[in-house]
Amino acid sequence: MVVKVINRSAYELPNYETPLAAGMDVRADIAEGIVLAPLCRALVPTGLFVELPAGYEMQVRPRSGLAAKYGVTVLNAPGTIDADYRGEIKVILVNLSDTPFEIKPGERIAQIVVARHERVEWEASETLSDTARGAGGFGSTGR
Ligand SMILES: O=c1ccn([C@H]2C[C@H](O)[C@@H](COP(=O)(O)OP(=O)(O)OP(=O)(O)O)O2)c(=O)[nH]1
Ligand SMILES: [Mg+2]
């Protein structure tokens with residue numbers, strides 16, 4: 001699938017690192033490092049602008065390495081880029097560790113995954129069909 005993109009970043013376009021990768025890593029398009037103190041967050045620019053086809057979204061997901069090693073993750077994961085969004089893709093990073101973390105210029109901070117999605121029309125109703133689960137949830141099947 002071909003997706004139109006404007007790259008105003010200082011870096012190459014994101015790419016799939018391995019043949020079957022689902023996500024492409026995106027880089028922090030910042031001139032200077034940003035120090036994230038514990039429990040602080042930052043809206044980090046990527047310099048990328050995309051035009052997704054109707055029926056597709058782009059998800060902004062954390063990188064597991066940053067999460068496991070540094071406690072740094074995407075606060076709103078998965079972030080949603082709508083097909084009608086024309087602004088810059090930005091990543092909301094949060095530092096959930098107890099030590100400061102410096103986001104370096106050009107660092108790969110998150111990954112983007114393009115996915116199909118449905119759009120629904122509501123059928124307003126007073127009842128729903130019976131199921132074995134019914135209204136059970138939130139641990140109803142045990143721990
Ligand atoms: O991690 C993210 C999440 C969103 N966006 C952009 C693309 C998306 O289409 C738009 C709106 O996102 P969302 O609907 O999640 O935010 P909102 O708080 O509901 O803002 P809005 O009122 O603009 O919809 O912001 C990003 O760049 N990065
Ligand atoms: Mg919204």
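First listed ligand is number 1; within each ligand, the first listed atom is number 1.
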Engineer: In the protein, which heavy atom is nearest to atom 12 (O) of ligand 1, and how far is it?
Structural biologist: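 Result: Thr80 O, 3.9 Å.
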Engineer: Which atom pair, heavy atoms only, marks the closest approach of Ala31 to Pro105?
Structural biologist: O-CG, 3.7 Å
Engineer: For atom 26 (C) of ligand 1, grab the closest protein heavy atom and report residue, atom and distance to one decimal in Å.
Structural biologist: Ile81 CD1, 3.3 Å
Engineer: On a heavy-atom basis, which atom in Arg41 and which in Leu36 lie closest, and how many Å separate them?
Structural biologist: C-CD2, 3.5 Å
Engineer: Work out which heavy atom in Ala28 is nearest to a heavy atom in Val44; give both atom names and the distance.
Structural biologist: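 In terms of heavy atoms, the two residues are closest at CB-CG1, 3.6 Å.
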Engineer: Pick one of side chain, backbone, both or neither for how Ile92 approaches ligand 1, counting any non-hydrogen atom pair under 4.0 Å.
Structural biologist: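 None of Ile92 does.
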Engineer: Can you name the nearest heavy-atom pair linking Asp29 to Ala10, along with the distance?
Structural biologist: OD1-N, 3.1 Å
Engineer: Look up atom 21 (P) of ligand 1 and tell me if a protein heavy atom lies less than 4.0 Å from it?
Structural biologist: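 Within 4.0 Å: no protein heavy atom nearby.
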Engineer: Should Arg108 and Glu17 count as an ion pair when the cut-off is N to O under 4.0 Å?
Structural biologist: yes
Engineer: Distance below 4.0 Å between atom 28 (N) of ligand 1 and any protein heavy atom?
Structural biologist: yes
Engineer: May I ask you to identify the nearest protein heavy atom to atom 25 (O) of ligand 1, giving residue, atom name and distance to one decimal place in Å?
Structural biologist: Tyr85 CE1, 4.0 Å
Engineer: Restricting to non-hydrogen atoms, name the atom on Tyr70 and the atom on Ser97 that form the minimum distance, rounded to 0.1 Å.
Structural biologist: O-CB, 3.2 Å
Engineer: Counting only heavy atoms on the protein side, is anything nearer than 4.0 Å to atom 9 (O) of ligand 1?
Structural biologist: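 Neighbour list for atom 9 (O) of ligand 1 includes protein heavy atoms (cut-off 4.0 Å).
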